[in-house]
Amino acid sequence: MERRTLKRPEAIIFDMDGTLFKTETLLIPVYHQVFDQLRLEGLYSGETPPEEIILSCLGMLLDQIWKKVLPNHDEVVHLRADELLLQLEHEGLQEYATELYPRVAETLMKLREHGVRLFVASNGLELYVKDVAETHKIISLFEGVYSAGEHKTKSKVELVRLLLDNHGVNNAWMVGDRSSDVEAGQKNGQTVIGCAYAGFGAGIELDGADVLITSFDELIQLYDEAF
């Protein structure tokens, strides 16, 4: 994609998984623990579904995720999987060596120094999203951390609209790695920066983004070049 000059934003809104947080460093071990426990409780039998399925679901709402990962199981199993995932992710953030993407913290701090208002908008659960930000010591850099779990929104479009309205933001960059992030930016009239470094999902995920970046710290150059 040819890089073009963007309008300088008053705020930048970030997705969490696949954008700030290298999700697989937590999700893969926890995913296997979830299915081990479901088998112990007699709610699931057979092999754990391939890791690629859960990774391809990043960015979706949880009820959508379990319909894809466990399409032949009912809501009782899906709800138990939800509970286990949240509990084990909370524990796993202390247990496993989880990671942000390279230069995330430094880049966020530089953007804050430039006076940019920073936000998170994630389709995840409230405790998970805030846990990740707290564990990796970046939560204080954000003016607001929004999650579908906390605000009961049905889409990323709705969540971002709520954030913009609540904080009086008119000109923002939406930064994310999934089609839901592109849609959320476009439908709210904002610039979309697509993160092409995570590698989740199909190649068409970021169709429609205004600019693609291949490393997080490219945001500094984009900001400096913006008018």
Side-chain angles (χ1 to χ4, degrees), residues 12-36 48-70 81-105 107-108 118-139 141-142 145-150 156 159-160 174-184 193-203 205-206 209 212-217 219:
I12 301 180
I13 303 166
F14 298 93
D15 175 45
M16 177 61 82
D17 292 321
T19 299
L20 301 175
F21 183 50
K22 202 170 184 180
T23 315
E24 66 270 30
T25 61
L26 175 65
L27 182 59
I28 294 304
V30 165
Y31 179 66
H32 289 283
Q33 286 181 284
V34 167
F35 277 91
D36 288 345
T48 299
E51 295 169 358
E52 291 75 14
I53 297 178
I54 189 73
L55 290 174
S56 73
C57 294
L58 290 177
M60 294 181 182
L61 296 166
L62 272 173
D63 62 340
Q64 298 169 333
I65 289 174
W66 295 120
K67 285 174 184 174
K68 188 170 179 181
V69 176
L70 292 167
D82 268 358
E83 292 172 356
L84 288 169
L85 187 69
L86 184 61
Q87 173 196 333
L88 293 168
E89 283 180 331
H90 177 67
E91 295 169 1
L93 279 166
Q94 312 308 318
E95 181 180 349
Y96 302 118
T98 62
E99 301 171 28
L100 300 175
Y101 283 99
R103 296 175 293 283
V104 162
T107 301
L108 292 174
L118 306 180
F119 298 90
V120 170
S122 168
N123 272 339
L125 292 173
E126 178 185 7
L127 179 60
Y128 165 75
V129 176
K130 291 180 178 176
D131 261 358
V132 170
E134 287 172 356
T135 299
H136 291 280
K137 298 179 170 58
I138 58 172
I139 196 162
L141 299 172
F142 298 106
V145 176
Y146 278 60
S147 62
E150 179 178 5
K156 181 69 75 76
L159 184 66
V160 170
M174 178 70 222
V175 180
D177 70 309
R178 304 310 299 258
S179 58
S180 57
D181 300 307
V182 177
E183 181 186 33
I193 312 296
C195 300
Y197 46 79
F200 301 133
E205 280 287 331
L206 295 172
L212 296 182
I213 57 174
T214 56
S215 65
F216 191 80
D217 58 351
L219 286 170

#### Entry: Phe216 and Tyr197 aromatic ring geometry - parallel, tilted or perpendicular at 30°/60° bounds
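It falls in the perpendicular class, over 60°.
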
For residues [X] and [Y], determine if any side-chain heavy atom of one lies less than 4.5 Å from a side-chain heavy atom of the other.
{"X": "Phe21", "Y": "Ile138", "value": "no"}
{"X": "Pro49", "Y": "Tyr31", "value": "yes"}
{"X": "Leu108", "Y": "Phe142", "value": "yes"}
{"X": "Phe35", "Y": "Val69", "value": "yes"}
{"X": "Leu125", "Y": "Ser147", "value": "no"}
{"X": "Val30", "Y": "Glu91", "value": "no"}
{"X": "Leu219", "Y": "Phe14", "value": "yes"}
{"X": "Leu27", "Y": "Leu85", "value": "yes"}

### Message
As a test of understanding, state which of Asp17, Asp177, Thr98 forms a side-chain hydrogen bond (donor to acceptor under 3.5 Å, both in side chains) with Thr23.
### Response
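Per the side-chain hydrogen bond (donor to acceptor under 3.5 Å, both in side chains) rule, the option paired with Thr23 is Asp17, out of Asp17, Asp177, Thr98.
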
Closest heavy-atom contact between [X] and [Y]?
{"X": "Cys57", "Y": "Arg178", "value": "C-NH1, 4.4 Å"}
{"X": "Ile28", "Y": "Glu51", "value": "CG2-OE2, 3.4 Å"}
{"X": "Val129", "Y": "Ser122", "value": "CG2-OG, 3.4 Å"}

Quick one: does [X]'s side chain have a donor or acceptor within less than 3.5 Å of a partner on [Y]'s backbone?
{"X": "Ser56", "Y": "Ile53", "value": "yes"}
{"X": "Gln64", "Y": "Leu61", "value": "yes"}
{"X": "Lys156", "Y": "Ala121", "value": "yes"}

### Message
Filter on salt bridge (Lys or Arg N to Asp or Glu O under 4.0 Å), then keep only pairs touching residues 81-90, sequence neighbours left out; what's left?
### Response
Arg80-Glu83

